[in-house]
Amino acid sequence: MSKVSLEEILAEVDVLPSLPTIVDGLVRAMGKEDVSVDELVDGIAGDQALVARVLRVANSPFYGVQNKVSSVHDAIVVLGFRAVGSLVLAASVTGYFSPPAGYGFDLRGFWRHGIGAALAARALARKVGLDAETGFTAGLLHDIGRLMLVTRHTPVYAEVMAACAGEDCPVCEAERRILGFDHAQAGEILARRWRFPAEIVRAVALHHAPEPVRECTFADIAHVADALAHALDLARAEREMVPSLDIGAWRRLRLDGPSLTALLPEIEREHEHYCALLAAG
Amino acid sequence: MSGRSRDLPIAEVMPGMVLGGDLLDNRGATLLPEGTEVTETLLDSLRRREVDALPIFVEEETPDPGEAALREAAQARLTSLFRRDGGNEADRILREVVFAYRLGRSP
C-alpha cells in the first residue's frame with residue numbers, strides 16, 4: 001500500500017482544479033465590506049444551478065418573506081449580502097470533491113456534519129461578537145482535509161477508516177499513526193492554496209487543538225462547533241463520537257450550561273433546512 | 001389487564017366500576033367477591049348497610065411502550081455518543097446540556 005506524505009500533499013494541491021471563479025472572488029471578498037453587490041450578482045447569475053439554489057433559500061418559509069423572491073439581487077436584500085456569499089461558497093465547495101464510492105466513506109454524513117459545524121460556528125461567532133459568516137465558512141471547511149485525503153488517496157485513507165472502526169479511536173489519531181500527519185494539516189495546506197483568509201486557514205489547522213491565546217479565535221469557534229455538531233448527532237454517522245473539548249477554547253467562548261442550551265434548538269432547526277438546500281439531507 | 005385495588009369512598013363509586021378485592025363485613029365474611037360489577041341497586045343496598053368505602057379496581061398507569069422504547073433508544077445513543085469522555089469541566093457541561101436537551105432532564 002503506497003503511503004502519502006505531507007510533501008506530496010503540498011505538491012498536489014497546486015495541480016487541483018481551481019475553485020469556480022465566483023467562489024474565488026467570494027473568498028477574497030470575505031471579511032471586506034467594499035465588494036459590490038453587482039459583482040456578486042453577476043458572478044452568481046452565470047451559474048443557473050447556483051441561481052436556483054439561492055432563490056430556493058430566499059423563498060423558503062424559513063425566512064418568512066411575504067412576496068416571492070425572483071432575482072439574485074432581491075435574494076441579497078432578503079438574506080443579506082454576506083449570507084448569500086457563504087451559501088454560494090457552501091454550494092460550490094460541497095460539490096468540489098467526489099470521493100470514489102465503495103470504500104465506505106459517507107459523503108452525505110460528511111457534509112451533514114460540516115453544515116452542522118458551520119451553523120454552530122455561526123451561532124458561536126455571533127455570541128462572542130466575531131464575524132458570523134467567517135464563522136460559518138470556518139465551520140463548514142474544518143474537515144476539508146479529510147475529504148481531500150479520501151478523494152485523492154482513497155486506498156490508504158480506507159486503512160485509516162478501518163483503523164478508526166477497529167479501535168474506536170478519533171480519526172486524527174489513526175491518521176497520525178498511519179499517514180504521519182492528520183487532516184487538519186492537509187486541510188491547512190488546501191485552505192491556504194484556495195487563498196482563504198488567514199483566520200480561516202488557522203481555524204482549519206487548529207480545530208482539534210486550539211492555541212492557548214488570550215482572545216477568542218475562529219480556531220476556538222471551529223473546535224467547539226465541531227464538538228457541538230458531533231454531540232447533536234447531525235451526521236447520523238453509525239460510529240459518531242463526541243470529541244473532548246479544549247477547556248481554554250471553551251472559556252474564551254464564555255460558554256456555560258444556559259448559554260449553550262440556548263444555541264441548540266436554532267442550530268438543529270437551521271440544519272435540516274440547509275441540508276435540504278445543499279442536497280445533503 | 002394489570003391493576004390494583006384502591007379503597008374509594010362510596011360517594012365516589014359509580015355504577016360500572018368493578019371490585020378490586022373482596023368486600024368483607026365486620027366479622028371478615030365476604031359480602032361481595034372481587035370482580036363484582038357495581039350496579040345502582042347494589043350501591044343502594046350497600047348504603048343501607050352503612051358501608052362507607054369499597055375496594056375498587058383501578059387500572060395501572062403504564063407508560064406508552066412505544067414512547068418508553070424511544071426514550072431508551074435515545075438514552076443509549078447519547079451514552080454511545082459521549083463514550084469518550086474527556087472529563088474536564090467543558091466536557092461535563094456539554095454532556096449534561098445535550099442529555100437534558102434530548103431527554104428533557106439531567107442524566
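Chain letters run A, B, ... following the sequence lines, proteins first and then strands; every chain starts at 1.
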- Is it the case that more than 12 heavy atoms not belonging to Arg6(B) sit under 6.0 Å from its CZ atom? no

- Note on the structure: Taking every heavy atom of Tyr101(B) against every heavy atom of Pro265(A), the minimum-distance pair comes out as OH-CA, 3.3 Å

- Query: Hey, which of Glu268(A), His230(A), Arg251(A), Arg239(A) has the most heavy atom pairs under 4.5 Å with chain B?
  - Reply: Glu268(A)

- Note on the structure: Of all heavy-atom pairs linking Ala90(B) and Leu245(A), the shortest is O-CD1, 3.6 Å

- Asp168(A) bridged to Arg83(B) by N-O distance under 4.0 Å: yes

- Message: If I measure from the heavy atoms of chain B, does Ala262(A) come under 4.5 Å with its side chain, its backbone, both, or neither?
- Response: neither

- Item | Arg252(A) CZ: over 12 foreign heavy atoms closer than 6.0 Å | yes

- Task: Considering only heavy atoms and a distance below 4.5 Å, find which of Val97(B), Leu81(B), Ile93(B) pairs most often with chain A.
- Result: Leu81(B)

- Contact class of Pro243(A) relative to chain B, heavy atoms under 4.5 angstrom: backbone

- Engaged part of Leu232(A) at the chain B interface, taking heavy atoms whose separation is under 4.5 Å: both

- Item | Flag side-chain contact, heavy atom, 4.5 Å: Val98(B) against Leu260(A) | no

- Query: Counting heavy atoms not belonging to Glu12(B), are there more than 12 under 6.0 Å from its CD?
  - Reply: yes

- Item | Selection from Ile247(A), Thr261(A), Leu255(A), Asp256(A) maximising heavy-atom pairs under 4.5 Å formed with chain B | Ile247(A)

- Query: According to the ring pair (Phe, Tyr, Trp, His ring centres under 6.0 Å) rule, which pairs have a member within residues 125-168 of chain A, sequence neighbours left out?
  - Reply: His113(A)-His142(A), Phe136(A)-Tyr274(A), His142(A)-His207(A)

- Note on the structure: Under 4.5 Å to a heavy atom of chain A? For Asn88(B) that would be side chain

